[in-house]
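A short write-up of the structure that comes next.
Computed from heavy atoms alone, side chains included, the values below leave out hydrogens, waters and symmetry copies.
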Amino acid sequence: MRKLERKYPNEVVVVGVHSPKFPAERETTNLRAAVMRYGIEHPVLNDRDFLVWKQFAGRAWPTLFFIDPQGKIIGKHEGEITFAQLDGVVSQMIAEFDQKGLLVHQPLGTRLEKSLERQSPLLFPGKVVAADRVYIADSGHNAILIADRNGTPSETIGCAEAGFADGDVASARFSAPQGMALDGDRLYVADLENHAIRRIDLTARTVTTIAGTGEQARTFHHGGPARQVSLNSPWDLALRGDTLFVAMAGFHQIWEMDLRAGVIAPFAGTGHEGLEDGTREEAWFAQPSGLALGPDTLYVADSETSAIRAIDLRAGGLVRTIVGEGLFVFGDVDGVGDEVRLQHPLGIAYADGVLFVADSYNNKIKKIDPRTRAAETFLGDGSPGDQDGIGRQAGFREPSGLSLRGSQLYVADTNNNLIRVVDLPTGTVTTLALEAW
């Protein structure tokens, strides 16, 4: 859609209608943040009560309606579509209506809203890795920010202008980076909107693409030489030895990359969107967006099913659901097993038999015991906020990334544009005082 808008700025007007699935998505403040986070530059209507959806007989996300210059609906498309397909249809329409003298060749007079309520060095940080230093996916700035644990930045890799370029850290470019994995002086990055995996050599100060072509894959495939394989929205990473696991959200799968052989391929999931357990080859996922490693287990925050899944990494291992029921079962309920409800979790971390989950749309951090399937709210009371404090007194706004270092849990508090630090023994939340870079 963005390509279409840029190709035909004087001929095509795009109007987005947001008919929300999750309760958190009904709130205009949350929608406004999402519009800015994803760089959407056309008007968006919050159809929170599905009035437009019903009037236009909507059945699927996404649905495109084509409206001629006289206001008549002349076409409809349900589901995903490639730019080439869309461009072919739209170009024919433009030629037809131009010939009839119906087009006015000038852009629609709209004002782009970019202001943020909070001034921060970060812009919608998606993920965080805490080690001797703190590595932050500053997604809205298309960069990786590196700081010490007091918040003093030491380096920014990338810049506000999105791009896809390897080279030294000064010239390298990313596009909405998300999950990271650290291995000594190498930082692996899921470069979301470039559909690529990048490696930052922190000693040599270089950035190299190790998987992906820079173009989004449009069909499922079996993988192959990593630099020749088109990927689809890699969202998070987890490193185990020489194997890099990838939450391939766009394919609804978990992939694995052999870093020595330079080969990448599906690891778990058929590619069908949903929640099905079983063998790795039989299981279904739905936009997996967070990964965490435990002993012989890969844990997955399966966002669209509001579920937490576990993949046994041993030979013949199975995929099982810890909490979650399906694509349209969600909420905010603590408890055990099938009674637990989450709402679009995006981040997960593991330590000492406990899972910490960024229950993103509930504005909470929850603790889950993967053995007993017991889940409880650890931080936040469910209402969006940015308060420091203890336990449920703390406030978050769509936290998305988690990283553990010792007794501290680092949280990418995405819609607050902050990194929060949690002292696990006391449950005290503070804000990392990042200095402007």
Side-chain angles (χ1 to χ4, degrees), residues 21-22 24-25 30 33-34 37-38 61 124-129 136-137 139-140 175-181 188-197 212 216-217 231-239 244-256 266-269 271-275 283-293 298-311 319 321-324 326-327 330 342-350 355-366 368 396-403 410-415:
K21 169 184 171 180
F22 293 101
E25 295 175 330
N30 294 340
R37 182 165 69 243
Y38 294 114
W61 290 286
F124 301 115
K127 301 289 185 182
V128 61
V129 169
I136 303 166
S139 308
S175 186
Q178 283 285 336
M180 299 165 289
Y188 297 95
V189 180
D191 196 5
L192 177 67
E193 293 189 4
N194 280 324
H195 310 283
I197 308 299
Q216 183 176 18
L231 308 182
N232 194 347
S233 300
W235 209 286
D236 201 11
L237 305 175
L239 183 64
L244 186 67
F245 293 104
V246 183
M248 200 71 73
F251 278 146
H252 311 300
Q253 293 176 314
I254 308 302
W255 282 45
E256 65 174 346
F267 175 71
H272 289 91
E273 184 179 17
L275 192 152
W284 293 18
F285 296 86
Q287 293 183 21
S289 301
L291 298 177
L293 281 164
L298 179 66
Y299 296 102
V300 182
D302 205 22
S303 64
E304 276 297 305
T305 56
S306 298
I308 302 300
R309 319 288 295 282
I311 306 173
V319 177
T321 299
I322 298 172
V323 299
L327 280 168
F330 44 81
L342 307 175
Q343 190 182 175
H344 206 266
L346 290 173
I348 189 168
Y350 173 89
L355 291 170
F356 296 90
V357 175
D359 194 3
S360 304
Y361 283 6
N362 283 326
N363 304 300
K364 290 182 173 182
I365 308 298
K366 292 189 176 180
I368 298 177
F396 301 86
R397 195 181 300 267
E398 291 193 23
S400 299
L402 302 178
S403 180
Y410 286 73
V411 182
D413 195 5
T414 301
N415 280 7

Can a donor-acceptor pair be found, under 3.5 Å and without considering hydrogens, that links the side chain of D359 to the backbone of Q343? yes
Got Y410 and L402 here, is their nearest side-chain heavy-atom distance under 4.5 Å? no
Walk me through whether T321 and L275 qualify under side chain to side chain contact (heavy atoms under 4.5 Å, CB included). CA-CA 8 Å; T321 299; L275 192 152; 3.4 Å; yes
Min side-chain heavy-atom separation I308-V357 under 4.5 Å: yes
How are the rings of F22 and Y361 set relative to one another: parallel (under 30°), tilted (30 to 60°) or perpendicular (over 60°)? perpendicular
If every non-hydrogen atom of A292 is compared with every non-hydrogen atom of A349, which pair is closest and at what distance? CB-CA, 3.8 Å
D413 side chain vs R397 backbone, donor-acceptor pair below 3.5 Å: yes
Checking the side chain of D302 only, and the main-chain atoms of A307 only, is there a donor and an acceptor separated by less than 3.5 Å? no
Could you tell me whether a side-chain N or O of S360 sits under 3.5 Å from a main-chain N or O of P399, the two making a donor and an acceptor? yes
Flag the pair V411 / V128 as yes when at least one side-chain heavy-atom distance between them is below 4.5 Å, and no otherwise. no
Atom pair CG/CD of L327 and E304 - distance to nearest 0.5 Å: 7.0 Å
To the nearest 0.5 Å, what is the distance between OG (S403) and CE (M180)? 8.0 Å
Supply the atom-to-atom distance E398 CD to H344 NE2, rounded to the nearest 0.5 angstrom. 9.0 Å
Testing the basics here: between P288 and A247, what is the closest heavy-atom pair and its distance to 0.1 Å? O-CB, 3.5 Å
Stepwise side chain to side chain contact (heavy atoms under 4.5 Å, CB included) test for S289 and D236: CA-CA 6 Å; S289 301; D236 201 11; over 6 Å; no
Does H252 reach the main-chain N or O of Q287 with its side chain, forming a donor-acceptor pair under 3.5 Å? yes
Assess R309 against Y299: is NZ or CZ under 6.0 Å from the centre of the six-membered ring, and within 45 degrees of the ring's axis? no
Taking the side chain as everything from C-beta on, heavy atoms only, tell me whether I348 gets closer than 4.5 Å to F356. no
Are F285 and I311 close enough that some pair of their side-chain heavy atoms sits under 4.5 Å apart? yes
Can you check side chain to side chain contact (heavy atoms under 4.5 Å, CB included) on D191 and I197, steps first, answer last? CA-CA 6 Å; D191 196 5; I197 308 299; over 6 Å; no
What one should report as the nearest heavy-atom pair of A190 and L237 is N-CD1, 3.5 Å
Evaluate the side chain to side chain contact (heavy atoms under 4.5 Å, CB included) criterion for residues L293 and L239: first the C-alpha distance (whole Å), next the side-chain angles of each, then the deciding distance (0.1 Å), finally the verdict. CA-CA 8 Å; L293 281 164; L239 183 64; 5.6 Å; no
Sidechain-backbone polar pair: S139 side chain, P177 backbone, donor-acceptor under 3.5 Å: yes
With M248 as reference, evaluate W255, F267, W235 under the side-chain contact (heavy atoms from CB on, under 4.5 Å) test and give the passing residue. W255
Quick check: do F396 and I365 have side-chain heavy atoms less than 4.5 Å from each other? yes
Of all the heavy-atom pairs spanning P345 and S306, show the shortest one and how long it is. CD-CA, 3.5 Å
Less than 4.5 Å apart, side chain to side chain, heavy atoms only: is that true for K366 and L342? yes
Drop me the distance from H195's NE2 to N232's CG, to the nearest 0.5 angstrom. 6.5 Å
Find the distance between CH2 (W284) and NE2 (H272) and round it off to the nearest 0.5 Å. 5.0 Å
Main-chain N/O of G269 paired with Q253 side-chain donor or acceptor, under 3.5 Å: yes
What's the separation between atom CZ in F330 and atom CG in N362, rounded to the nearest 0.5 Å? 10.5 Å
Side-chain heavy-atom pair I254, L291 within 4.5 angstrom cut-off: yes
Consider only side-chain N and O atoms of N415 and R37, and report whether a donor and an acceptor are under 3.5 Å apart. yes
What are the two closest heavy atoms between P234 and V246, and how far apart are they? CB-CG1, 3.7 Å
Heavy-atom nearest pair, K127 first then G401, reads CD-CA, 3.8 Å
Donor-acceptor under 3.5 Å (T414 side chain, F124 main chain): no
